[in-house]
Amino acid sequence: VPPKPKNQVIIRPLRPEDGEAFLAAVRRSRALHAAWIMRKAKTRGEFARYLKRFGTDLHHGHAVVHRESGGLVGIININDVVRGNLQSGTIGYYAFAPFTGRGLMHEGMLLVLKRAFGRLKLHRLEANIQPHNRASIALAKKCGFVREGFSRRMIKMHGRWRDHERWALLAEDFKGT
Ligand SMILES: CC(C)(COP(=O)(O)OP(=O)(O)OC[C@H]1O[C@@H](n2cnc3c(N)ncnc32)[C@H](O)[C@@H]1OP(=O)(O)O)[C@@H](O)C(=O)NCCC(=O)NCCS
């Protein structure tokens, strides 16, 4: 059963008017993101295209917003939703400087998981994480994800096929049933 959130963040869709704040946050977080995630939108045009990805059931985007300051804490997306007999999605996430290391992404993740297994009625969420990404593994573990496997040379990032650990969380794990 997940711990009670402390209510420091909310989740909501990214909006066109978040553009400037998003681009500034991406710039501030370059060092944090470099090794671990694909290149993020760097221009207004790329941000507009990024937003267009959402809006169907295939991809669900969530901005984690700091309640007190209104700052963008990070992004948690549920991608590649498959319905039918899978009811699954792949979760991708990244925090923005200076909001890391304060438990805010953990809180945001619990809200996204609640939505994923509640309103969105998913059964399985997967997270593919590079073996040396200690922060990401710590966050996934803390949210109840279980390491199910290892896929060799799974995702091409920065020009090379990278190994990934396969972490997953089921609706019944999250709800404690
Ligand atoms: C992964 C990421 C989102 C975590 O954000 P965060 O702000 O540190 O998350 P939180 O503060 O909510 O911390 C969650 C847990 O992870 C732990 N953690 C964070 N960074 C850690 C690190 N470098 N090493 C070990 N544990 C770490 C925290 O201690 C916390 O656990 P605890 O409360 O038991 O101590 C952030 O580091 C990030 O954006 N990394 C780059 C992008 C990325 O790797 N995305 C995931 C790709 S799979």
Side-chain angles (χ1 to χ4, degrees), residues 1-12 14 18 21-42 46-47 50 53 59-81 88-116 124-169 173-174:
V1 182
K4 198 164 174 285
K6 289 189 209 126
N7 239 359
Q8 296 187 89
V9 302
I10 59 149
I11 55 167
R12 62 159 175 81
L14 266 183
D18 293 318
F22 180 93
L23 296 173
V26 167
R27 282 195 297 274
R28 276 201 306 276
S29 311
R30 222 170 343 208
L32 171 70
H33 294 168
W36 308 121
I37 55 173
M38 297 322 173
R39 183 171 165 273
K40 291 297 136 209
K42 277 192 185 157
E46 285 172 0
F47 180 72
Y50 185 56
R53 182 202 297 183
H59 304 294
H60 294 267
H62 310 87
V64 180
V65 178
H66 191 224
R67 203 186 273 277
E68 197 179 296
S69 66
L72 275 181
V73 169
I75 300 291
I76 303 174
N77 295 332
I78 300 171
N79 292 311
D80 303 318
V81 168
S88 70
T90 303
I91 199 156
Y93 45 85
Y94 47 95
F96 291 126
F99 290 102
T100 50
R102 298 197 217 163
L104 300 176
M105 283 301 280
H106 175 244
E107 230 192 90
M109 187 73 89
L110 294 182
L111 295 174
V112 171
L113 296 175
K114 194 171 167 206
R115 176 164 188 263
R124 159 181 287 270
L125 277 176
E126 301 193 337
N128 303 313
I129 312 177
Q130 293 185 70
H132 302 296
N133 193 345
R134 299 211 359 242
S136 180
I137 288 172
L139 177 59
K141 230 187 216 171
K142 200 171 180 195
C143 295
F145 281 74
V146 173
R147 187 185 186 276
E148 292 188 333
F150 181 88
S151 289
R152 297 167 305 138
R153 294 166 61 76
M154 183 192 185
I155 304 176
K156 195 173 198 175
M157 283 178 66
H158 308 305
R160 267 184 50 200
W161 292 102
R162 314 275 174 175
D163 294 344
H164 280 73
E165 293 186 4
R166 315 294 301 268
W167 289 76
L169 182 68
D173 298 338
F174 186 68

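Both ligands and their constituent atoms are indexed starting at 1 by order of listing.
In this structure, atom 23 (N) of ligand 1 has protein heavy atoms in its sub-4.0 angstrom surroundings. For atom 29 (O) of ligand 1, the nearest protein heavy atom is 4.0 Å or more away.
Geometrically, ligand 1 and Ile129 share no nitrogen or oxygen pair separated by less than 3.5 Å. Here's the thing with His106: one of its N/O atoms is less than 3.5 angstrom from an N/O atom of ligand 1. Residue Ser136 has no N or O atom closer than 3.5 Å to an N or O atom of ligand 1. Remark: ligand 1 and Gly101 share an N or O pair separated by less than 3.5 Å (distance only, no angle test). No N or O atom of Ala138 sits closer than 3.5 Å to an N or O atom of ligand 1. Residue Tyr94 places no N or O, backbone or side chain, under 3.5 Å from any N or O of ligand 1.
The side chain to side chain contact (heavy atoms under 4.5 Å, CB included) test with His60 singles out one residue from Val81, Val112, Asn77, and that residue is Val81.
Smallest separation of non-hydrogen atoms from Leu169 and Phe174: CD2-CD1, 4.1 Å. Pairing each heavy atom of His106 with each of Leu139, the nearest pair is CA-CD1, 3.6 Å. Shown here for Met109 and Cys143, the closest heavy-atom pair between the two residues is CG-SG, 3.4 Å.
The proximity of Ile37 to ligand 1, defined as any non-hydrogen pair under 4.0 Å, is limited to the side chain. By the criterion of a heavy-atom distance under 4.0 Å, the backbone of Asn128, and not its side chain, is placed next to ligand 1. Counting heavy atoms closer than 4.0 Å to ligand 1, residue Arg102 contributes backbone atoms (N, CA, C, O) but none from C-beta onward. Contacts between Lys142 and ligand 1, counted as non-hydrogen atom pairs separated by less than 4.0 Å, involve the side chain only.
For atom 36 (C) of ligand 1, the candidate residues are Ala35, Ala95, Ala140; the nearest heavy-atom contact is made by Ala95. When Val64, Leu139, Ile91 are checked for heavy-atom proximity to atom 2 (C) of ligand 1, Leu139 turns out nearest. The closest heavy-atom contact to atom 47 (C) of ligand 1, among the options Asn133, Ile76, Ile137, comes from Asn133.
With hydrogens left out, the protein atom closest to atom 45 (N) of ligand 1 is Tyr93 O, 2.7 Å, a heavy atom. Of the protein's non-hydrogen atoms, the one nearest atom 20 (N) of ligand 1 is Ala135 CB, 3.3 Å.
A salt bridge does not link Arg67 to Glu107: none of the charged nitrogens lies less than 4.0 Å from a carboxylate oxygen.
The NZ atom of Lys156 sits 11.0 Å away from atom CE of Met38, with the distance rounded to the nearest 0.5 Å. Note that CG of Leu72 is 8.0 Å distant from CZ of Phe99, once rounded to the nearest 0.5 Å. Atom CZ of residue Arg162 and atom CH2 of residue Trp36 lie 9.0 Å apart, to the nearest 0.5 angstrom. If you take CG on Asn133 and NE2 on His164, they are separated by 8.5 Å, rounding to the nearest 0.5 Å.
Between the Asp163 side chain and the Arg153 main chain, a donor and an acceptor come within less than 3.5 Å of each other.
Less than 4.0 angstrom separates some heavy atom of Leu104 from each of these atoms of ligand 1: 12 (O). Close approach to Met105 involves these atoms of ligand 1, each under 4.0 Å from a residue heavy atom: 5 (O), 7 (O), 9 (O), 12 (O).
Qualifying ring-ring contact (aromatic ring centres under 6.0 Å, His included) partners for Phe47, counting only residues two or more places apart in sequence or in other chains: Phe22.
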